[in-house]
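For clarity, every value in this text was computed on a predicted model and none was experimentally measured. The figures that follow rest on heavy atoms only: side chains count, while hydrogens, waters and symmetry mates do not.
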Amino acid sequence: MYHVFFDRRPTRPRLPRALYEQLTALPPNTEVNVHTANETYYNALFLDFEPQTNTVSLLVDRFYEDGGRPLSLNATAITAIDLPASMRPASSTNVDDEEE
């Protein structure tokens with residue numbers, strides 16, 4: 001006799017550990033560049049990360065005349081986050097970054 005079990009809960013994609021750690025350690029109101037497969041958000045203000053829903057809240061286009069617009073992204077869509085030079089580990093900063 002066979003038993004078949006069904007799990008009706010939808011599975012959500014897991015975040016890579018490095019990205020999860022980066023998002024949980026990132027303080028609010030930090031300016032970052034967020035890269036997705038389709039778009040890059042430059043000078044976005046990081047607002048919040050909600051681990052239960054994998055939701056990242058950003059304020060983008062804040063330097064335009066009408067101000068910024070809030071944006072919520074699924075963290076699984078993020079391919080990379082560029083941190084400010086002051087938050088990068090000492091081994092990854094080079095002389096060119098410090099001169100800017």
Side-chain angles (χ1 to χ4, degrees):
M1 174 166 286
Y2 294 100
H3 294 284
V4 178
F5 296 96
F6 293 97
D7 187 5
R8 296 175 194 248
R9 290 176 292 161
T11 59
R12 60 185 157 104
R14 295 191 68 130
L15 289 179
R17 184 171 183 83
L19 179 60
Y20 177 83
E21 290 175 356
Q22 190 175 28
L23 288 170
T24 55
L26 196 59
N29 299 322
T30 302
E31 189 174 284
V32 293
N33 296 333
V34 178
H35 305 278
T36 65
N38 300 326
E39 196 166 358
T40 299
Y41 302 98
Y42 293 102
N43 302 321
L45 195 64
F46 173 79
L47 300 176
D48 187 33
F49 170 60
E50 184 59 47
Q52 287 79 19
T53 60
N54 283 345
T55 304
V56 176
S57 299
L58 303 170
L59 185 64
V60 297
D61 300 334
R62 59 194 177 108
F63 298 112
Y64 290 99
E65 184 177 321
D66 296 330
R69 64 179 172 94
L71 176 69
S72 292
L73 285 175
N74 189 324
T76 58
I78 297 174
T79 57
I81 296 178
D82 298 333
L83 298 174
S86 62
M87 294 185 70
R88 293 185 202 140
S91 62
S92 68
T93 56
N94 57 30
V95 177
D96 294 336
D97 289 342
E98 294 173 1
E99 293 177 2
E100 293 181 312

Less than 3.5 Å apart, which donor and acceptor atoms pair up between the side chains of residues 19-26 and the rest of the protein, not counting sequence neighbours?
{"residue": "Glu21", "atom": "OE2", "partner": "Arg17", "partner atom": "NE", "Å": "3.1"}
{"residue": "Thr24", "atom": "OG1", "partner": "Tyr20", "partner atom": "O", "Å": "3.0"}
{"residue": "Thr24", "atom": "OG1", "partner": "Glu21", "partner atom": "O", "Å": "3.1"}

Please tell me if the side chains of Phe46 and Asn29 come closer than 4.5 Å, counting only heavy atoms from C-beta onward. no

Any non-hydrogen side-chain atom of Leu15 less than 4.5 Å from a side-chain atom of Thr76?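 A side-chain contact exists here, since the closest heavy-atom pair is under 4.5 Å.
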
Over all heavy atoms of both residues, which pair between [X] and [Y] is shortest? Give the atoms and the distance, please.
| X | Y | answer |
| --- | --- | --- |
| Val60 | Ala44 | CG1-CB, 3.9 Å |
| Val56 | Ala75 | CG2-CB, 3.8 Å |
| Ser72 | Thr55 | CB-CG2, 4.0 Å |

Qualifying residues under side-chain hydrogen bond (donor to acceptor under 3.5 Å, both in side chains), relative to Glu50, sequence neighbours excluded: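 side-chain hydrogen bond (donor to acceptor under 3.5 Å, both in side chains) check on Glu50 returns nothing, list empty.
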
With side-chain hydrogen bond (donor to acceptor under 3.5 Å, both in side chains) as the test, would you mind laying out the steps for Asn38 and Thr36 before giving the verdict? CA-CA 5 Å; Asn38 300 326; Thr36 65; 5.7 Å; no

Pairwise distance [atom1]([X]) to [atom2]([Y]) - rounded to 0.5 angstrom:
| X | Y | atom1 | atom2 | value |
| --- | --- | --- | --- | --- |
| Leu71 | Tyr41 | CG | OH | 5.0 Å |
| Leu45 | Leu58 | CG | CG | 8.5 Å |
| Asn54 | Leu73 | CG | CG | 11.5 Å |

Using the side chain to side chain contact (heavy atoms under 4.5 Å, CB included) criterion, which residues pair with Asn33? Sequence neighbours excluded.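 For Asn33 the side chain to side chain contact (heavy atoms under 4.5 Å, CB included) partners, ignoring immediate neighbours, are His35, Tyr42, Asn43, Asp82.
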
